[in-house]
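These numbers come from a predicted model, not from an experiment.
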Amino acid sequence: MKNKKIIIMILVIVLIVVMFFAFKDKMLKIIYPKAYQEPVLEYATKYGVDENLIFALIKAESNFDENAISNKEAIGLMQIMEETAKDVARKNNIELDTENLRDEILQSSKNIEIGTCYLKTLLDRYENEEVALAAYNAGIGTVDGWIEKGIIKKDGSDIENIPYKETNNYVRKILRDYEIYEQL
């Protein structure tokens, strides 16, 4: 009786593994969607940011929930802070209705435009994805402080030294998801 249960368990595990590999791409496309493809492609092209990096960032930030609002008041798909949105819009001539700022930032296309433009600013500033992503999460001032104190290097070669656990995990998650989006 005990041997029969073990054999059945082994067969179930083998079946699950076989099913996973048989339908791996389909399952990954469900887990890693490319929702909001039109504005992502538009702003990826406009700002010169890899579309798959944008998809990975959206997945990490909001899991594609355009109405997401964090406990820190970050808004929308790319979790933009209101002050960041105003600053990015002002510096990059992006039209933004400041009278209805929250509603404006919740619009998926506007959120993706501002988030992608901001990400491009960070990529240009730090010249690598790892440090730029850390700054997207923890803030420019925080990351600049880490670099000045020698906690992390500006080239991102020791990104595992990020002292905030949340930011450390965030960067790793986006880089992992970015690789998956690249494969898909």
Acceptor/donor pairs from residues 30-39 side chains to any protein atom, 3.5 angstrom cut, sequence neighbours excluded:
from, atom 1, to, atom 2, distance (Å)
Y32, OH, D177, OD1, 3.3
K34, NZ, N52, OD1, 3.0
Y36, OH, E66, OE1, 3.3

Q.
Just verifying a value: how many Å separate L123 CG and Y136 OH, rounded to the nearest 0.5 Å?
A. 11.0 Å
Q) Do any N or O atoms from the side chain of N128 and from the backbone of K154 form a donor-acceptor pair under 3.5 angstrom? A) yes
Donor-acceptor pairs under 3.5 Å, side chain of residues 109-118 to any protein atom, not counting sequence neighbours: which ones?
from, atom 1, to, atom 2, distance (Å)
K110, NZ, E95, O, 2.6
N111, OD1, L77, N, 3.4
N111, OD1, M78, N, 2.7
N111, ND2, I75, O, 2.9
N111, ND2, I105, O, 2.9
E113, OE2, K46, NZ, 3.3
E113, OE2, Y47, OH, 3.2
T116, OG1, I112, O, 2.7

Q) Do you know which two heavy atoms are closest between A44 and I54, and how far apart they sit? A) CB-CD1, 3.7 Å
Q. Do any pairs count as a ring pair (Phe, Tyr, Trp, His ring centres under 6.0 Å) and have a residue in residues 62-108, sequence neighbours left out, and if so which ones?
A. none
Q: Could you verify whether a donor N or O on one side chain and an acceptor N or O on the other, from E61 and Y170, lie under 3.5 Å apart?
A: yes
Q.
Within this structure, what is the OG-CD distance for the pair S62 and Q79, rounded to the nearest 0.5 Å?
A. 6.0 Å
**Q.** Non-hydrogen atoms of D87 and R90 that approach each other most closely
**A.** OD1-NH2, 2.6 Å
Q: Evaluate side chain to side chain contact (heavy atoms under 4.5 Å, CB included) for L57 paired with Y178, printing each intermediate quantity in order.
A: CA-CA 8 Å; L57 192 137; Y178 176 44; over 6 Å; no
Q: Please report the shortest heavy-atom distance between A89 and L96, naming the atom on each side.
A: CB-CD2, 3.7 Å
Q.
Tell me whether N92 contacts the main-chain N or O of I94 through its side chain, where contact means a donor paired with an acceptor under 3.5 Å.
A. no
Q.
Using side-chain heavy atoms (C-beta onward) and a distance below 4.5 Å, is D50 in contact with Y181?
A. no
Below 3.5 Å, can you tabulate the donor-acceptor pairs from side chains in residues 144-152 to any protein atom, sequence neighbours excluded?
from, atom 1, to, atom 2, distance (Å)
D144, OD1, Y126, OH, 2.7
D144, OD2, R125, NH2, 2.5

Q) What heavy-atom pair brings A135 and L122 nearest, and what distance separates the two atoms? A) CB-CD2, 4.0 Å
Q: Sequence neighbours left out, what passes salt bridge (Lys or Arg N to Asp or Glu O under 4.0 Å) with E83? Give chain and number order.
A: K86
Q | Pairwise side-chain contact, N168 with V171, heavy-atom cut-off 4.5 Å (strictly under) | A | no
**Q.** Residue pair L119 / L133, side-chain heavy-atom distance below 4.5 Å
**A.** yes
**Q.** Distance, nearest 0.5 Å, that separates CG of D155 from CD of E127
**A.** 10.5 Å
Q | Sub-4.5 Å side-chain heavy-atom contact between V40 and I58 | A | yes
Q | Non-hydrogen atoms of T45 and L41 that approach each other most closely | A | OG1-O, 2.9 Å
Q. Do the non-hydrogen side-chain atoms of R102 and E73 ever get within less than 4.5 Å of each other?
A. yes
Q | Heavy-atom side-chain proximity of D158 to N161 below 4.5 angstrom | A | yes
**Q.** Residues that K59 engages under salt bridge (Lys or Arg N to Asp or Glu O under 4.0 Å), provided they are two or more places apart
**A.** none
